[in-house]
Enquirer: 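Can you read through this structure? Questions will come right after.
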2 protein chains.
Amino acid sequence: MQVNYFFYFCSMSNQKRKSDCPINFALELFGDRWSFLIIRDMMFKGKHAYGAFLQSEEKIATNILADRLSLLEKSEIIIKSPDPTHGSKFIYKLTQKGIDLLPVLIEVIMWSSKYDNNTTTDMEFVNRVNRDREGLINELSDNLTKELTQ
Amino acid sequence: MQVNYFFYFCSMSNQKRKSDCPINFALELFGDRWSFLIIRDMMFKGKHAYGAFLQSEEKIATNILADRLSLLEKSEIIIKSPDPTHGSKFIYKLTQKGIDLLPVLIEVIMWSSKYDNNTTTDMEFVNRVNRDREGLINELSDNLTKELTQ
DNA sequence: AAAAGTACTTGTATTATGCAAGTAAATTAT
DNA sequence: ATAATTTACTTGCATAATACAAGTACTTTT
């Protein structure tokens, strides 16, 4: 009986690209069931620690979280740095490349809030997007950039 | 030796929802490696037939294509109808729900065109989005709605 | 010094995907 | 009119990805 260790070395990525289409480029970086949730947590929920991601209600498995964090770091969507106030912790932050995904997340939220009867979307947020999309994007984007450069 | 037929009955979906978060809602409907490419083909490449999807450069496997088409149909992002001029063919079209994903796809394209050095994105398209995002969305959206009601 | 927290790794089972082949109905070619 | 081809799949099986439970090494708190 042969056991397959491929996953533990490379997992999801490292396949050669299926195409250079921009939709496919994005899919190959975060088009799985978990990466986008990690990005959401960093973008909208102020989460920056491994343990915080683990606690999200979708309950990501710890090995998958470790894998996705390292892939997101490798593709420079996030950066990992030691927590200066806590020797055994790391801090994960969105890079500018990651912050620039904000419009994508916003459009996904707008779509889901329209079509999901059970959505937990904050309607204040939806209204704000409808009134002043650019302003909101700039505001949130600036906040994330400040976090990054702290 | 026990064989697992689960995939052939339900595959990807039919799990109970992991959460009612709008990002997760979208992920559970099209957050896999293929659904978004099928939507892209219908949205930007005028593809409407099974065989046309199979021929895309990313080379989706035929069983996966069949599965994703039925899931997208089940979630009412696309509709399937017999081809009136061709008895053995079907026509797949985006519903309004599917057409409303256009802003999401556009933001993904904008992001990838910025961060992928090898992108095949048409720069005319990027310029048009920068100049007149709303106008472009309305125009493309109207075209897709016309296709739908034909 | 012991217990608890943090970020993982490892092993194994289950689920999803990829690939090759086959099928049935409709269409086209001879 | 029959045979070959097209179209949209299904089936079987191999491989890859994910889930779950447990363990590890280092740090921090008690």
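Just so it is clear: chains get the letters A, B, ... in the order the sequence lines come, proteins before strands, and each one is counted from 1.
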Enquirer: Is the shortest side-chain N/O distance from B:Trp34 to OP1 or OP2 of C:dG18 below 4.0 Å?
Expert: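 It does, given that an N or O in the side chain of B:Trp34 lies less than 4.0 Å from OP1 or OP2 of C:dG18.
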
Enquirer: Any sub-3.5 Å donor-acceptor pair from B:Lys93's side-chain atoms to B:Ser81's backbone N or O?
Expert: no

Enquirer: I need the CG-C1' distance between B:Leu65 and D:dT7, as an integer number of Å.
Expert: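 One finds 12 Å between C1' of D:dT7 and CG of B:Leu65, rounded.
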
Enquirer: Please give, in whole Å, the distance from D:dG12 P to B:Ile64 CD1?
Expert: 16 Å

Enquirer: If I take atom CG in residue A:Asp32 and atom P in nucleotide C:dT17, what distance separates them, rounded to the nearest angstrom?
Expert: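 Those two atoms, CG and P, are 11 Å apart.
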
Enquirer: In whole Å, I'd like the distance from the CG atom of A:Asn63 to the P atom of C:dG11.
Expert: 13 Å

Enquirer: Within the structure, does a side-chain N or O atom of B:Arg68 lie under 4.0 Å from either OP1 or OP2 of C:dT17?
Expert: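 For C:dT17, OP1 or OP2 has a side-chain N or O of B:Arg68 closer than 4.0 Å.
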
Enquirer: Out of C:dG5, C:dA21, C:dT27, which nucleotide sits closest to the side chain of B:Thr62?
Expert: C:dA21

Enquirer: For A:Lys59 and for A:Lys89, find the nucleotide of DNA chain D with the closest heavy atom, then tell me which residue's nucleotide is more 5'.
Expert: A:Lys59

Enquirer: State which of C:dT28, C:dT6, D:dC20 makes the closest approach to the side chain of B:His86.
Expert: C:dT28

Enquirer: Do NZ/NE/NH1/NH2 and the carboxylate oxygens of A:Arg133 and A:Glu107 come within less than 4.0 Å?
Expert: yes

Enquirer: Any idea which of D:dT28, C:dA7, D:dC20 is nearest the A:Ala61 side chain?
Expert: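 That would be D:dC20.
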
Enquirer: Which nucleotide in the set D:dA8, C:dG5, C:dT9 lies at the smallest distance from any side-chain heavy atom of B:Tyr50?
Expert: D:dA8

Enquirer: Using only atom types and a distance under 3.5 Å, with no angle test, would you say the side chain of A:Lys89 pairs donor to acceptor with the backbone of A:Asp83?
Expert: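 Not at all, since once roles are kept as given, no pair shorter than 3.5 Å links the two residues.
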
Enquirer: What is the separation between atom CG on B:Leu69 and atom P on D:dT7, rounded to the nearest whole Å?
Expert: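 In whole Å, D:dT7 P lies 16 Å from B:Leu69 CG.
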
Enquirer: Under the 3.5 angstrom rule, does the side chain of A:Asn24 hit a backbone N or O of A:Asp20 as a donor-acceptor pair?
Expert: no

